[in-house]
Amino acid sequence: MDADLPDTTPTAPVLDTISLTALRAPAVRRLLVLRTERRLTRAHVRTAAQCLDVSERTVWRWLADATTTPATAQRPGARPTDRFEITPQIRVLLAYWHGNASAVHRDLAARARAATTPPTHPERTTPTSTPPPSSKPIPQRRAPQGCPAPGPTPVAVDVPARGAS
């Protein structure tokens, strides 16, 4: 009786990851066409999921995303580009602030504010050693008790990768 049952053991995908990723967009577009024609069934989604080596839930999510934002049908499953990513500069700041993400955020926000504030006296073209009388003093950061006082934040351009020697 066991000989009549189909083999349900998971198999490795036939195509490589790059090819499977490239096939996502045509599959989602075809499923969207079937949906607009009111012919989309769970079997279609199941077949697409098996062919693309993803879960059925993932294909349904891609279809929902493509329905609400049609541009996502071009690259289903792609990460959004406006995502926060940790750059080498942020890694250095995290090390400097001992992993304190709030301190890194404050530091980056202060740098952004300093970069976008216009000079107080644009008519002056030569730098002076004393600040103009109207400028406010810059508040100094205080280090926690027992820690050395922080100086200017060092930013390394080239951060070695882990395990590199």
Side-chain angles (χ1 to χ4, degrees), residues 13 15-33 35-36 45 48-49 51-165:
L15 298 174
D16 61 315
T17 307
I18 295 171
S19 299
L20 291 173
T21 303
L23 289 173
R24 290 177 184 175
V28 168
R29 283 195 301 270
R30 180 62 186 145
L31 293 173
L32 286 172
V33 168
R35 178 184 270 177
T36 57
V45 173
C51 291
L52 297 173
D53 195 36
V54 295
S55 69
E56 289 180 50
R57 177 69 192 112
T58 300
V59 176
W60 283 115
R61 188 172 22 93
W62 291 345
L63 288 172
D65 288 346
T67 302
T68 57
T69 312
T72 59
Q74 299 301 320
R75 295 188 64 219
R79 292 183 174 166
T81 56
D82 59 346
R83 237 174 79 131
F84 177 80
E85 295 200 15
I86 297 179
T87 62
Q89 177 188 18
I90 293 175
R91 285 185 194 279
V92 169
L93 290 174
L94 279 167
Y96 178 79
W97 289 108
H98 304 284
N100 186 339
S102 294
V104 172
H105 180 265
R106 281 192 304 271
D107 195 336
L108 290 173
R111 289 179 186 203
R113 280 192 304 274
T116 58
T117 56
T120 54
H121 294 284
E123 65 274 1
R124 290 188 187 175
T125 56
T126 58
T128 60
S129 60
T130 60
S134 63
S135 68
K136 297 179 184 176
I138 299 172
Q140 296 296 319
R141 293 185 300 224
R142 292 183 42 204
Q145 187 175 2
C147 294
T153 306
V155 177
V157 177
D158 295 313
V159 177
R162 288 188 178 187
S165 47

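Counting from 1, the numbers follow the sequence of the chain as shown. Because only heavy atoms are used, hydrogens play no part in the values below, and waters and symmetry mates are left out as well, while side chains stay in.
By the side chain to side chain donor-acceptor pair (under 3.5 Å) test, Glu56 pairs with Arg46, sequence neighbours left out.
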Q.
Does Val104 form a side-chain contact (heavy atoms from CB on, under 4.5 Å) with Asn100? I'd like the steps, not just the answer.
A. CA-CA 6 Å; Val104 172; Asn100 186 339; 5.9 Å; no

**Q.** Intermediate values then yes/no, side-chain hydrogen bond (donor to acceptor under 3.5 Å, both in side chains), Arg35 and Thr67
**A.** CA-CA 10 Å; Arg35 178 184 270 177; Thr67 302; 2.8 Å; yes

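Residues Thr72 and Trp62 have side chains not in contact (no heavy-atom distance under 4.5 Å, counting atoms from C-beta outward). When side chains are defined from C-beta on, Thr69 does not count as touching Asp65, because their heavy atoms never get closer than 4.5 Å. Proximity of Arg24 to Arg29: side-chain heavy atoms (C-beta onward) are nowhere separated by under 4.5 Å. When side chains are defined from C-beta on, Arg106 counts as touching Ser102, because their heavy atoms get closer than 4.5 Å.
Taken to the nearest 0.5 Å, the CG atom of Leu93 stands 12.0 Å off from the CZ atom of Arg91. The line from CD1 of Ile90 to CG of Leu108 is 5.5 Å long, rounded to the nearest 0.5 Å.
Minimum interatomic distance between Thr36 and Val33 (heavy atoms only, all atoms of both residues): OG1-O, 2.7 Å. Nearest heavy atoms, Ala48 versus Leu31: CB-CD1, 3.9 Å. Nearest approach of Ala73 to Leu32, heavy atoms of both residues: CB-CD1, 4.2 Å. Summarising the geometry of Leu15 relative to Ser19, their closest heavy-atom pair is CB-CB, 4.0 Å, with the distance given to 0.1 Å. Shown here for Val28 and Leu63, the closest heavy-atom pair between the two residues is O-CD2, 4.0 Å. Contact detail for Ala27 and Leu52: the closest heavy-atom pair is CB-CD1, 3.9 Å.
Ion pair Asp107/Arg111 flagged as a salt bridge, since at least one NZ, NE, NH1 or NH2 atom sits closer than 4.0 Å to an Asp/Glu carboxylate oxygen.
In this model, a donor atom of one side chain and an acceptor atom of the other lie less than 3.5 Å apart for Thr58 and Ser55.
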